[in-house]
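Please read these numbers as outputs of a predicted model, since none were measured by experiment.
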Amino acid sequence: MPYGLIINAAVSLIMGAALVYVWRRDRTQTFTRYIGFANLAHLLVPLTYAVLDRHAEPVHTVGWIVLATVAGLYTTLLILGTAHLANRVVSKQVSVAIFLGVVAINALALQWGGIHLGQLAVATINTMVGVLCAYWLWKPGATRSSSEKWVGPLLVALGLIQYIYVFFLDPGADIQSTLGTLLRMALGLVLLNAALERSAMDASKLRHRFERLAARSLQGIMISIGDRNIVYANPACLAIYGVSSLAELTVSRVAKTIPEAERHHVSAIIAQVQSGEISDAKYEAERHRADGTTLWLRVHYFQTEWDGDAAVQVLITDDTHHHQANQALIQQALRDELTGLPNRTALLNSLRERCLPRETTASFVLILMNLDRFKLFNEAHGPSMGDQVLQAVGTALRRIMAADCEVMRLAGDEFALVSAGKGDAAVAMVSAVKDLLSQPHMVAGQEIFLDASLGIALYPNSARDAESLLRAANAAMHVAKRTPGTSYRLAEKEFERGSSNAFEQEQALRAAIDSAEIYLVYQPKVDARTGRLTSFEALARWSRPDFGEVSPVDFIAAAERTGLINALGKSLLRRACQQIAAWHAEYPVGVPVAVNVSPLQLLDPRFPNVVAQILQDCGVEPQWLTLEITESSAVQNLAQTIAQVEQLRQMGVQVAMDDFGTGFSSLNMLRSLHLHAVKIDRGLIDPLPSPDAIAVVRAICQLAEALHLHVVAEGVETPAQAEAARLAGCGELQGFLYAKPLHPEHAAQWMVSMADTHDATL
């Protein structure tokens, strides 16, 4: 084979392989695929000529067919490649027609005139293809790079040099081969450069697109290279940090917004993300600008690159307004609206925190203070005057007590004082209150004299847990009321369980758990819009012989104190499931039944298995049972509660949170617990339809809607409350307005009535 053909074949191979490789690395460069394969197809031309030069006539016929086919393939691929380069579309049908046409023309030329006429046909076709490509790429209005514009002339030149053989035959073959090699190399380099330019242009477009998106993003976007340099920040990021340009946003300036105790931790996170040790990291925290503005930021770090260097991209969300709204809602849940003092929920939280086991027991004093005969005062002067008196008393208590003393209003005319210390602290606090009440209060231009009864409980002497301490102080306060004038009473040990004979009650409870003394009643829940029955809540009642009805608050607390709550809870759950099964067997329709679960029951890791076994024993499908938990259930062991709730949901048992709104922790837990519903505590429903109460209920409903939770309002007693709760977004209502807790036979009448109503609407 002549050296010219060898070099020509080598150039076709190298350039074809290079262009195909470019396409494999960047599939958007489609033109490199077609022109690369065209070069590889052209590789067959010198090989075929070498075979024809050494063999007899029969081989020539086969060679001409191969040459015609290769010419058709080369021309078709070349046209497709330049069409993609010029952003034009050539259909599959047109491509096939071009291929067959070129093959036919070349085959006829070779058949009639041999190599000489075949070369003339190839030269003419390739020149025309080059002219077409030049037209596409040089057409006015087309925006092309300088490299792309050279493709057309080079293809024309490749076509024209093929006329050398036509006019000079064999003496011109070497010249044609040499020129073809040079032109093919030039074309390949031009195409590679065009591919690089296109890749750079695409990268530039992507960068500009990122910059445009980032510039309009409401989230702050920052890119830093370690903790050395901030290389990019969008306008939202600059606004968050209170600067106007990237030059002002230095690493040290950002670091100043981070509390010194957290800076090392944040630097470690950035280093881990940049090194790839962790893929990303998130946190949210309070920050302060240099001007003192408080921010609540949610920050997300993840690894990126910037100009070839490993970098960290930071997404910053200014969540200040949302956080402040949540805090306001929390404060509203923990504050008494009238006086602005902490409320009963805040008192319980404080007591629980103070009663937590510690290495050293910190003593403290709890005083409950109840204004005497305040109901008569309201009747004589009106509730508005009474409210002013309560405000004045709250302000005065806050003024006379030490700074570390917590002053709270629990409800009505009842206040609470909590302070560190022992008996001497209690004496000082009581003396200050007595001195205060010995003087008249000026309210609305009138002198008002007040008396109060005070109950004192000392921790840990009077009790060792929050609820018992509160009961002890309350019992002592009621004993103090027996003494006229401002009086006080120190809780005795037996006051821990209240004023009744708690021990005797606990003994009776042990015998009553499996007897008919403790039974269930069922309070209906209705659809807020239609008033139709949607479900029942099973409520425990204890009819104690020779004693009468015992409050559930008392005997449930007694069961928790004595460790009987698991046995009692299991017994009540089984009775509820048996009642569900009995209703299903007797009536054509049924509704779910909700059963309350004690916090101590959820501490048992086997609780979901207990529920599953009871459902199986009673033959009840899980969807007919709802379990209601309180926020204290989750607070005691949130991780275990989350796992148990998930097990119950997988079984098909729905879980709801009862008494929502009695503690701020519910807002945090709702994001973690996958619940079905929340029940708004009656304490938030009772003030309806006052505008402020509606605002609180609506806020809870909006929060629940965002978390896909159903909302039930409990304690609905008036039509006005029902209408306000419905308009605020509550889906179900429960309370004395619709029915008191019913015995099973009366509850069944509700279901029958629902079935009749349903049939009548069919």
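Of the residues His676, Glu628, Arg649, the one that meets the side chain to side chain donor-acceptor pair (under 3.5 Å) test with Gln654 is His676. Test Glu537, His710, Glu732 against Lys679 for side chain to side chain donor-acceptor pair (under 3.5 Å) and you get one pass: Glu537. Of the residues listed (Thr534, Leu733, Leu533), the one engaging Asp527 in a side chain to side chain contact (heavy atoms under 4.5 Å, CB included) is Thr534, and it is the only one.
When all heavy atoms of Leu737 and Ala722 are compared, the pair lying nearest together is CD2-CB, 3.7 Å.
Heavy atoms of other residues, nucleotides or ligands lying less than 6.0 angstrom from CD of Glu646 number more than 12. Within 6.0 Å of atom CG in Leu218, 12 or fewer heavy atoms from other residues, nucleotides or ligands are found, so the atom counts as exposed in its surroundings. By the 6.0 Å contact criterion, NZ on Lys481 is enclosed, its count of non-hydrogen atoms from other residues, nucleotides or ligands being greater than 12.
For the pair Gln523 (side chain) and Ala739 (backbone), a donor-acceptor distance under 3.5 Å is present. Side chain of Ser598 to backbone of Leu600: a donor-acceptor contact under 3.5 angstrom is found. Looking at Gln702, its side chain never comes within 3.5 Å of a backbone N or O of Ala699 through a donor-acceptor pair.
One finds the CZ atom of Arg287 at 8.0 Å from the OH atom of Tyr241 (value rounded to the nearest 0.5 Å). Residue Leu368 holds its CG atom at 9.0 Å from CG of Leu454, rounded to the nearest 0.5 Å. A distance of 5.5 Å separates CE in Met657 from CG in Leu673, rounded to the nearest 0.5 Å.
Between Phe555 and Trp542, the angle of the ring planes goes over 60°, which puts this pair in the perpendicular group of the 30/60° scheme. Using cut-offs of 30° and 60° on the angle between ring planes, the pair His743 and Tyr519 is parallel.
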N/O donor-acceptor pairs under 3.5 Å from side chains in residues 378-391, not counting sequence neighbours:
unit_1 : atom_1 : unit_2 : atom_2 : d
Gln391 : NE2    : Leu338 : O      : 3.2

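Side-chain contact between Leu602 and Phe607 is present, with heavy atoms from C-beta onward closer than 4.5 Å.
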